[in-house]
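Below is one structure, written out as structure tokens; comments come after it.
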4 protein chains.
Amino acid sequence: MVSRTGPKRSESIRRAVLDAADDLLVERGFSGVTMEGIAVRAGVAKQTIYRWWKSKVDILLDTLVDDAEQPLAWRPGSSPAAPEEELTDQLGRVAAFLQEPAGQVLLSLIGHAQLDPETAAKLRDGFLREQRERDLAGLGALLARHTGRPVDERLTGRLLDAALGPIFHQALVLGRPADPATLATTARLVLDAAGREPVPGAGRSSDAE
Amino acid sequence: MVSRTGPKRSESIRRAVLDAADDLLVERGFSGVTMEGIAVRAGVAKQTIYRWWKSKVDILLDTLVDDAEQPLAWRPGSSPAAPEEELTDQLGRVAAFLQEPAGQVLLSLIGHAQLDPETAAKLRDGFLREQRERDLAGLGALLARHTGRPVDERLTGRLLDAALGPIFHQALVLGRPADPATLATTARLVLDAAGREPVPGAGRSSDAE
Amino acid sequence: MVSRTGPKRSESIRRAVLDAADDLLVERGFSGVTMEGIAVRAGVAKQTIYRWWKSKVDILLDTLVDDAEQPLAWRPGSSPAAPEEELTDQLGRVAAFLQEPAGQVLLSLIGHAQLDPETAAKLRDGFLREQRERDLAGLGALLARHTGRPVDERLTGRLLDAALGPIFHQALVLGRPADPATLATTARLVLDAAGREPVPGAGRSSDAE
Amino acid sequence: MVSRTGPKRSESIRRAVLDAADDLLVERGFSGVTMEGIAVRAGVAKQTIYRWWKSKVDILLDTLVDDAEQPLAWRPGSSPAAPEEELTDQLGRVAAFLQEPAGQVLLSLIGHAQLDPETAAKLRDGFLREQRERDLAGLGALLARHTGRPVDERLTGRLLDAALGPIFHQALVLGRPADPATLATTARLVLDAAGREPVPGAGRSSDAE
DNA sequence: CGCTAATCGAGACGGTACGTCTAGTCTTGGC
DNA sequence: GCCAAGACTAGACGTACCGTCTCGATTAGCG
């Protein structure tokens with residue numbers, strides 16, 4: 001196939017579509033985001049959108065990649081001696097992120113993933129998998145500094161669930177931001193559990209999977 | 001105005017509608033549940049459904065009340081001496097419940113609540129609030145038996161989040177059932193934290209065990 | 001309304017239903033007449049209406065019998081010497097009748113008869129057939145007085161069509177009352193034709209059916 | 001803004017819809033014509049119909065324009081010397097037309113016009129007005145040939161009512177086709193009346209409006 | 001510089017479900 | 001047993017988006 005080129009994909013259209021979707025989500029909620037509405041708002045023909053995205057979910061996933069990675073990054077601790085404060089801060093950033101527009105996109109997509117397996121697959125194989133890897137690395141390093149020894153990855157995974165679980169539980173199930181007291185309690189719980197855990201290879205039966 | 005009576009609401013129709021909605025959710029997913037589809041499946045006229053329910057969300061909320069309360073109930077411990085096992089069992093029942101049809105209804109409604117504020121309000125003011133009260137009572141009693149003294153209700157609330165958070169996090173965010181190891185780790189974490197907490201008004205807890 | 005007469009049909013309900021139907025037709029037009037609306041307006045249950053009438057058409061047919069016969073009656077001529085004026089007057093009464101509520105009922109029913117064969121059958125076998133008999137008798141007597149000899153009934157029928165046709169044509173097709181000039185022209189036409197017609201039994205071929 | 005064009009309205013769909021409506025009217029009567037039924041029968045989406053027509057009445061009106069004009073046209077007389085035969089033929093064509101599918105459409109619409117003022121307005125301002133103009137021109141020319149002088153237009157109008165009235169009266173009120181004898185009688189009546197009328201300007205008072 | 005392939009706006013089209021409406025039947029209980 | 005109240009089945013209504021498609025108008029680079 002000889003690539004006789006024509007005009008190239010318009011970057012301004014891509015941005016206009018992503019922005020329109022984002023705006024509509026904030027203004028009218030997830031069901032207020034429609035392909036037709038995005039097209040009108042972005043000043044673009046429907047077919048132009050369908051040429052580049054399969055669905056509104058794909059559009060929102062694109063906005064997520066642009067907007068969510070940085071706010072959820074693990075910051076290197078300013079004071080290496082205070083892992084509990086560092087963990088509490090990180091959990092606070094996660095909780096705060098969920099209140100912002102980009103966080104609303106994430107919550108909406110997680111919500112929609114409960115209703116549509118295809119969304120679930122795309123979300124989990126894409127953004128969520130990568131974010132979990134970053135979280136595992138960040139928490140693993142923090143725990144290692146805290147305990148003075150490397151931490152088993154499966155244990156890190158369970159502690160990550162213990163750390164993030166309450167935040168997402170409150171956001172998704174109770175529909176409210178996690179309060180600071182919960183974050184502090186959670187951080188201490190996780191660090192205590194990590195300190196009490198045996199050295200890898202000498203695990204107690206209850207840790208076995 | 002004298003209340004001249006007419007025919008009464010048909011209970012068999014009510015059940016047929018709830019069952020049809022439940023079946024459709026399991027077979028075709030949330031978007032496969034439509035008012036029209038429910039009407040056909042239940043062998044009932046659409047108008048009859050609209051007479052009693054405003055939307056498919058309202059129908060699913062009704063199925064929850066019918067079908068979710070019992071499986072999520074806290075069972076009185078057969079052996080008062082083993083609260084850890086009792087808590088693990090309870091968490092196991094919650095995790096198992098989420099795999100069943102009624103649990104899928106709950107997950108779908110929580111998902112839809114992220115997309116629609118009205119659904120969120122109904123779900124949280126209805127089933128979720130009552131279920132949380134039952135959970136607080138159940139966990140509170142268990143912790144009291146475990147620690148030998150009454151437990152502060154706000155603390156119970158945070159520990160309930162710590163207990164349920166990982167389960168819902170895995171179900172909603174990771175899209176998989178919570179594994180037994182996570183449940184056991186979680187149960188121990190919660191009980192340890194409760195044991196370490198100070199008696200109300202009796203000084204701060206130390207880091208040491 | 002204390003109609004404690006037991007299993008007898010309530011005459012007051014019959015009147016209330018007919019009046020309600022009539023009023024609704026005038027106020028909201030034919031499509032504004034619904035069984036439900038009649039029931040509400042008459043302060044009567046739907047089933048009570050269905051017990052006695054099959055449809056709103058049957059109700060309107062009942063009102064027609066009550067209200068249309070008298071205004072369409074042929075009046076004995078005050079002055080026997082002026083059949084043209086007498087005929088013009090009669091046609092004027094018909095035209096005027098069609099402007100009144102009862103006339104609107106008739107026009108509506110004729111209209112509906114074009115759309116529904118059952119209505120057509122009931123209307124033509126009932127009111128219209130009887131009215132045509134009265135018209136044939138009235139016009140026949142008038143023509144006999146005018147020509148001085150009995151007039152063939154088939155010819156009377158054709159002349160009746162010639163007399164009424166323009167009135168109904170203007171009402172039904174043009175949607176306006178027949179103007180006096182048309183009525184006068186029509187009356188003269190009919191009388192001239194009757195005068196020119198041969199004695200029964202010596203008819204020209206064009207009169208044969 | 002340059003006017004970018006899109007696809008044009010499909011003529012084949014337009015015909016399919018008109019045909020479907022026509023067929024349904026003949027097969028199932030006016031109430032058997034539904035937007036939904038037309039859509040199914042024409043193999044077309046409902047929304048496509050609503051894009052171009054407001055109601056089934058509008059569709060039927062369109063079929064009239066397509067199908068009724070030609071059969072109701074006044075044919076130039078082959079033999080200028082026989083206006084009576086020519087008029088009888090024309091009236092015969094009208095009567096025959098009312099028996100055909102397109103004529104049933106017209107009768108149905110006239111019927112519905114009695115029940116719905118909007119239908120009445122559309123029908124009279126559209127097809128009926130234009131048809132009346134054609135009829136006035138046709139009858140006017142015929143009468144001029146018959147009498148040897150131009151005929152007053154208002155008189156032509158009244159004679160047109162006298163000619164068409166009986167036909168529509170029999171069709172709409174009596175529900176049967178006009179018989180040949182009636183047509184012949186009517187034609188002769190009309191021509192006689194035209195011949196007897198005075199020259200314009202010397203009219204009798206009864207012709208004045 | 002013109003050919004050609006792509007992008008793009010506009011919008012017609014077949015679908016599916018929506019939530020509403022009225023008709024006509026059936027059920028219950030008061031009188 | 002008559003009646004009011006109203007639940008119920010049935011099915012058309014007109015609307016909203018969906019995702020696909022066709023139609024020209026408009027760009028770019030390749031030759």
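Within every chain, numbering begins at 1; the chains are lettered A, B, ... in the order of the sequence lines, protein sequences first and strands thereafter.
The stretch residues 51-59 of chain D comes close to DNA chain E through Arg51(D), Trp52(D), each having a heavy atom under 4.0 Å from the strand. Of the residues in residues 11-34 of chain D, those placing a heavy atom less than 4.0 Å from an atom of DNA chain F are Thr34(D), in numerical order.
A salt bridge links Arg14(B) with Asp66(B): the closest approach of a Lys/Arg side-chain nitrogen to an acidic carboxylate oxygen falls below 4.0 angstrom. Salt-bridge check for Lys54(D) with Asp58(D): failed, with every basic side-chain N at 4.0 Å or more from each acidic carboxylate O. Taking the charged nitrogens against the carboxylate oxygens, Arg15(C) and Asp19(C) do have a contact shorter than 4.0 Å, which makes a salt bridge. Between Lys122(C) and Glu118(C), at least one side-chain N (NZ, or NE/NH1/NH2) sits under 4.0 Å from a carboxylate O, which counts as a salt bridge. Between Arg41(A) and Glu36(A), none of the side-chain N atoms (NZ, or NE/NH1/NH2) sits under 4.0 Å from a carboxylate O, so this pair counts as no salt bridge.
Between the CD1 atom of Ile49(B) and the C1' atom of dT9(F) there is a distance of 12 Å, rounded to whole Å. With rounding to whole Å, Ile38(B) atom CD1 is found 11 Å from dG19(E) atom P. Taking atom NZ of Lys8(D) as the reference point, atom C1' of dC13(E) lies 15 Å away to the nearest angstrom.
With hydrogens and angles ignored, no donor-acceptor pair under 3.5 angstrom links the side chain of Lys46(C) to the base of dG6(F).
Nearest heavy-atom pair across Met35(A) and Lys46(A) is O-CG, 4.4 Å. Of all heavy-atom pairs between Ser31(C) and Lys56(C), the closest is CA-NZ, 4.2 Å.
Cation-pi geometry between Arg9(B) and Trp52(B) is met: under 6.0 angstrom from the ring centre, within 45 degrees of the axis.
Within the 4.0 angstrom heavy-atom criterion, only backbone atoms of the sugar-phosphate kind lie near Gly43(B); the bases stay farther away.
Remark on DNA chain F: of its neighbouring residues Met35(D) and Pro7(D), the 5'-side contact belongs to Met35(D), judged by nearest-heavy-atom nucleotide. Two residues, Tyr50(D) and Glu36(A), neighbour DNA chain F, and the one matched to the more 5' nucleotide by heavy-atom proximity is Tyr50(D).
Within the 4.0 Å cut-off from OP1 or OP2 of dA7(F), not a single side-chain nitrogen or oxygen of Thr48(B) is found.
Residues meeting the ring pair (Phe, Tyr, Trp, His ring centres under 6.0 Å) test with Phe127(D), sequence neighbours left out: none.
For Gln47(A), the listed nucleotide lying nearest its side chain is dC21(F); candidates were dC26(E), dC21(F), dG24(E).
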